[in-house]
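Data first, discussion second: the structure below is written as structure tokens.
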Amino acid sequence: MPVETKTAMSRTDTIATVLLRHYDVHARTLPWRLPPGSSERPNPYRVWLSEIMLQQTTVTAVIPYYEKFTARWPNVKALAEASDADVMAAWAGLGYYARARNLLACARVVAREHGGVFPDSEAALLTLPGVGAYTAAAIAAIAFGRRTVVVDANVERVVSRLFAIETPLPASRPDIRQKADLITPDQRAGDFAQAMMDLGAGTCTVRNPQCLLCPLRGHCEAAQTNRAEDFPVKAPKKDKPHRHGIVWWLERSDGHVWIERRDDKRMLGGMAGLPGTQWDKRGNEAEGAPPMTGDWVALNSPVEHVFTHFRLTLTVERLRAVKEADPEGNGQWWPLARIGKAGLPTLYAKVVKAVMQDRDD
DNA sequence: AACTCGTGGAG
DNA sequence: TCTCCAAGAGT
């Protein structure tokens, strides 16, 4: 390589060339990545698992779950043989629980119909449960060295800035995809995708982007006009409605609590939960009956929670039952001493906390 | 094609 | 406190 190109960018340097050169030095070390400089290909199972967990979820939130899953289920066959309840409980707290249901469904399809080997083409990957356009492209590129166009929210932001795209999202998606295709290299498409995501996570951030430190500043229309933070332009979003519901805390005299398994296809579907009104259906927030008749008493302070598209205020009502009590519903008595192992999603973990605090008062 | 799906961190 | 939003998919 000529000496002058080490410090000055040559005219023929493409965005991909510059970004990959930067990535070779500055790539983040992450549990699902091979050590820097490794020439091997990453394990498809691990790539797939990480990509599913990372959907709409931050790296720091994913890491402990990724470590837990890979230690307990080291390959796709092991995961395919796990029980639904074990996988759902292991996923508890990470959110978007349809991902966990699809994860298990996908593992079983790969184990049964593909002999435990992940398909290596983008089109075949796209047919798997929980694998959409982004994830299929990412796995094909990262695990199998395919040249695919990987577009996630990071790439959308970076590309919107590189080309100063004025059309608001989501209408700009076709244009963004075309531009992403244009700058994707024929070689190392997987590294390029991960480099774009590293850039979006650390430098080309939503707020306060670090354009002065960006390796692509010389290629970026937005940076050169000091307008990075103006992109991507987004359509205005709707405001969140507020819903109210009741949750019933039924505790037996010997220290057991009545826990239900929520139906699939509802919110928090397949997860453990507490009986309550149908707060997840708009307009039906008051519908439902307690698992037993009795003198239910409400806690002084309700539980507040925020979902993607609505806020929820839950009133907690308590009842003490005798040991012979026989509640109605799809549930089981769970020892309060081991409530932390019940696999409750955060909403219900908040209810447990509220009940415990109420006792201390 | 909009809507529906969780959660926690950043600012 | 409040808003925004993150390696999106399914319907």
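Order of the sequence lines fixes the chain letters, A, B, ..., with proteins taken first and strands second; residue numbering starts at 1 for each chain. On a predicted model such as this, the values are computed, not experimentally measured, just so you know.
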Among the candidates [options], find the nucleotide nearest to the side-chain atoms of [X].
{"X": "A:A153", "options": "C:dC4, C:dG8, B:dG6", "answer": "C:dG8"}
{"X": "A:R99", "options": "B:dG6, B:dT7, B:dA10", "answer": "B:dG6"}
{"X": "A:Q56", "options": "C:dG8, C:dC5, C:dA7", "answer": "C:dG8"}
{"X": "A:R207", "options": "B:dG6, C:dA9, B:dA10", "answer": "B:dA10"}

Distance in angstrom units between [X] [atom1] and [N] [atom2], rounded:
{"X": "A:R173", "N": "C:dA9", "atom1": "CZ", "atom2": "P", "result": "11 Å"}
{"X": "A:I63", "N": "C:dA7", "atom1": "CD1", "atom2": "P", "result": "13 Å"}
{"X": "A:L344", "N": "B:dG6", "atom1": "CG", "atom2": "C1'", "result": "15 Å"}
{"X": "A:F307", "N": "C:dC2", "atom1": "CZ", "atom2": "C1'", "result": "18 Å"}
{"X": "A:F310", "N": "B:dT4", "atom1": "CZ", "atom2": "P", "result": "10 Å"}
{"X": "A:L169", "N": "B:dA2", "atom1": "CG", "atom2": "P", "result": "13 Å"}
{"X": "A:D198", "N": "C:dA7", "atom1": "CG", "atom2": "P", "result": "10 Å"}
{"X": "A:L125", "N": "C:dA9", "atom1": "CG", "atom2": "P", "result": "12 Å"}

* Answer whether the closest heavy-atom distance between the side chains of A:L128 and A:W48 falls below 4.5 Å. => no
With a 4.0 Å cut-off on heavy atoms, is [X] in touch with a base, just the backbone sugar-phosphate, or nothing at all?
{"X": "A:W91", "answer": "nothing"}
{"X": "A:L30", "answer": "base"}
{"X": "A:K234", "answer": "sugar-phosphate"}
{"X": "A:M197", "answer": "base"}
{"X": "A:G200", "answer": "nothing"}
{"X": "A:I52", "answer": "nothing"}
{"X": "A:R266", "answer": "nothing"}
{"X": "A:R311", "answer": "sugar-phosphate"}
{"X": "A:A193", "answer": "nothing"}

* Structure fact -> Output for pair (A:T313 OG1, A:H244 NE2), nearest 0.5 Å, gives 5.0 Å
* To do: Output the distance between atom NZ (A:K240) and atom CZ (A:F307), rounded to the nearest 0.5 Å.
  => 10.5 Å
Under 4.0 angstrom between [X] side-chain N/O and [N] OP1 or OP2:
{"X": "A:T346", "N": "B:dG8", "result": "yes"}
{"X": "A:Y96", "N": "B:dT4", "result": "no"}
{"X": "A:R101", "N": "B:dC5", "result": "no"}
{"X": "A:R282", "N": "B:dT4", "result": "yes"}
{"X": "A:H305", "N": "B:dT7", "result": "yes"}
{"X": "A:K265", "N": "B:dC5", "result": "no"}

[N] and [M]: how far apart are their [atom1] atoms, nearest whole angstrom?
{"N": "C:dA7", "M": "B:dT4", "atom1": "P", "result": "24 Å"}
{"N": "C:dT1", "M": "B:dG8", "atom1": "C1'", "result": "15 Å"}
{"N": "B:dG6", "M": "C:dT11", "atom1": "P", "result": "14 Å"}

* Structure fact -> Per nearest nucleotide of DNA chain B, the residue lying toward the 5' end, A:P170 or A:H309, is A:P170
Are [X] and [Y] ion-paired here, with the side-chain N under 4.0 Å from a carboxylate O?
{"X": "A:D84", "Y": "A:R101", "result": "no"}
{"X": "A:D152", "Y": "A:R157", "result": "no"}
{"X": "A:D280", "Y": "A:R262", "result": "yes"}

* Asked: With a 3.5 Å cut-off and just heavy-atom distances, do the side chain of A:T135 and the base of C:dG8 make a donor-acceptor pair?
  -> no
* **Distance-only donor-acceptor test, A:T57 side-chain atoms vs B:dG6 base atoms, 3.5 Å** => yes
* Are A:W91 and A:Y65 near enough that their ring centres are under 6.0 Å apart? -> no
* Select from A:V131 and A:T58 the residue whose nearest nucleotide in DNA chain C is closer to the 5' end of that strand. => A:T58
* Structure fact -> Contacts of A:E51 and A:G130 projected onto DNA chain C by closest heavy atom; the upstream (5') one is A:E51
* Asked: Hey, are A:T57 and A:R99 close enough side-chain-wise for a donor-acceptor pair under 3.5 Å?
  -> yes
